[in-house]
Each structure stands twice: as C-alpha cells, then as structure tokens.
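Both counts, for ligands and for their atoms, begin at 1 and track the order of listing. Atom set for the values below is all heavy atoms of this structure, side chains included, hydrogens, waters and symmetry mates excluded. Everything quoted here is computed from the prediction, not taken from an experiment.
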Amino acid sequence: MSLAILPGSFDPFTLGHLDIARRAAKVFDEVIIAVAVNPAKKYRFMPEARRDLIAQAVAELPTVRVEVASGLLVDFAQEQGATAIVKGLRGGSDFDAESPMALMNRHMTGIETMFIVGDQALAHISSSLVKDIASYGRDISDLVPAAVAAAMQAGPTS
Ligand code: PNS
C-alpha cells in the first residue's frame, strides 16, 4: 500500500491545494494531508481549525485524511509509514523553495519527495494572496473551498 504525506501550512487551504490533493489521491493508495505547526509563525487559523476546514474540502476523496503534524515532517512521515512526501508545484520558484527541503528530508531519513505540477489555471493562487485580498473585503469564493471562504468571512480568528 502506498501512502503519501502532503504537508503544508494551508493557512488557508486553497483550490490549488485541493487540486494537488485530488491528483495525489489518483497516484497513491492513501494520502495524509499534514497540517504544519510552527510556533514561530503567526497563522490566520489555529491548526485544528485548518484541519477541520481541509477535512470538509476533501470529504469527496475517501482515501484522503487530514492530521495536524507538529515537529519535523520526516518524523511524522516515518511514524505514518509514508512512501513519499508530495508537494505541489506552481512554477519554478516553488521548485527553488522546495528543492532544499526535499534534499534535507532525504538527507535525514532517505524519504523521497515527489512533485506534482498543479493546474495552470490555479497557478496564481496562494494562501498569502488569498489572505491579502480577503482583508480588503474582496470575494474569495472562486479561490478557496466553500467552507474556507465562509470561515475567512466569519472573523479574524477561528
Ligand atoms: O505551506 P508551507 O508553509 O510552504 O509548508 C512548509 C512546510 C510546513 C511543509 C515546511 O515548513 C515543513 O515541512 N515544516 C515542518 C518542520 C520541518 O520538517 N522542517 C524541516 C524542513 S527540511
């Protein structure tokens, strides 16, 4: 059985992330979306809120589950018996950012990172841009899953 870990901050989970989760679910028997916790980072949503919003967004995908993963990603991946870490790429700058992490994760444990190229029509979507335009009151319902859009509109912290 193959198991992929799809990690990220997902603050918030976007349609771009959903696209990668769907593609990963076609390749691997099981996918765990790992919601990262970095105490040094200020997030819009608490880890459990991010987990619950993602779970609603991926309810259509029976082989995908969502977990909060604190600590080193490779430790979580090993605990879960993962086949690989999966990351989505929107373009070359994503690869430049991801490549050192992939090499470091492999250096530490031997685990491979597999990259999936996302839908080009979603390549402009990032969590930070979604938060930025939402803060000006713009509609984000065509950028994020419905549950996320509702939570973003509900208030500053959830
Ligand atoms: O969505 P992001 O913020 O680009 O995701 C980055 C993330 C969470 C995947 C990365 O920071 C990570 O793996 N964090 C967990 C801690 C860790 O393993 N750090 C060493 C990376 S080589």
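Using a 4.0 Å threshold on non-hydrogen atoms, atom 6 (C) of ligand 1 does not count as touching the protein. Remark: atom 18 (O) of ligand 1 lies closer than 4.0 Å to at least one protein heavy atom. By the definition of a contact as any protein heavy atom under 4.0 Å away, atom 12 (C) of ligand 1 is not in contact.
Residue Val86 comes nearest to Ala24 through the heavy atom pair CG1-CB, 4.3 Å, listed as atom of the first residue, atom of the second, then distance. Looking at every heavy atom in both residues, Ile111 comes nearest to Ala77 through CD1-CB, 3.7 Å. Taking every heavy atom of both residues into account, Leu6 and Val31 meet most closely at CB-CG1, 4.1 Å.
A cation-pi arrangement is absent between Arg50 and Phe13 under the rule of less than 6.0 angstrom and at most 45 degrees off the ring axis.
Taking only nitrogen or oxygen atoms, main chain and side chain alike, Ser9 reaches within less than 3.5 Å of ligand 1.
Put simply, the side chain of Ser2 does not reach to within 4.5 Å of the side chain of Glu30, judged on heavy atoms. The shortest distance between side-chain heavy atoms of Pro12 and His17 does not fall below 4.5 Å.
With a 4.0 Å heavy-atom cut-off, ligand 1 is reached by the side chain of Ala36 but not by its N, CA, C or O. With a 4.0 Å heavy-atom cut-off, ligand 1 is reached by no atom of Val74.
Annotation: the span from Ile116 atom CD1 to Lys26 atom NZ amounts to 10.0 Å, rounded to 0.5 Å. The line from CD of Glu79 to CD1 of Ile32 is 10.0 Å long, rounded to the nearest 0.5 Å.
Every atom of ligand 1 with a heavy atom of Lys41 under 4.0 Å away is listed here by number and element: 3 (O). Numbered from 1 in the order shown, with element, the atoms of ligand 1 that lie under 4.0 Å from a heavy atom of Leu72 read 17 (C), 18 (O), 19 (N), 20 (C). Of all the atoms in ligand 1, the ones that sit under 4.0 Å from a non-hydrogen atom of Asn105 are 22 (S). Interface atoms of ligand 1 facing Leu73, defined by a heavy-atom separation under 4.0 Å, are 13 (O), 17 (C), 18 (O). Interface of Gly71 with ligand 1, defined as ligand atoms under 4.0 Å from a residue heavy atom, comprises 15 (C), 16 (C).
The protein non-hydrogen atom at the shortest distance from atom 10 (C) of ligand 1 is Met101 SD, 3.9 Å. Protein heavy atom in closest approach to atom 4 (O) of ligand 1: Glu98 OE2, 4.7 Å. Distance from atom 9 (C) of ligand 1 to its nearest protein heavy atom, with residue and atom name: Lys87 NZ, 3.8 Å.
Between Asp11 and the choices Lys131, Arg51, Lys42, Arg44, the salt bridge (Lys or Arg N to Asp or Glu O under 4.0 Å) rule is met once, by Lys131.
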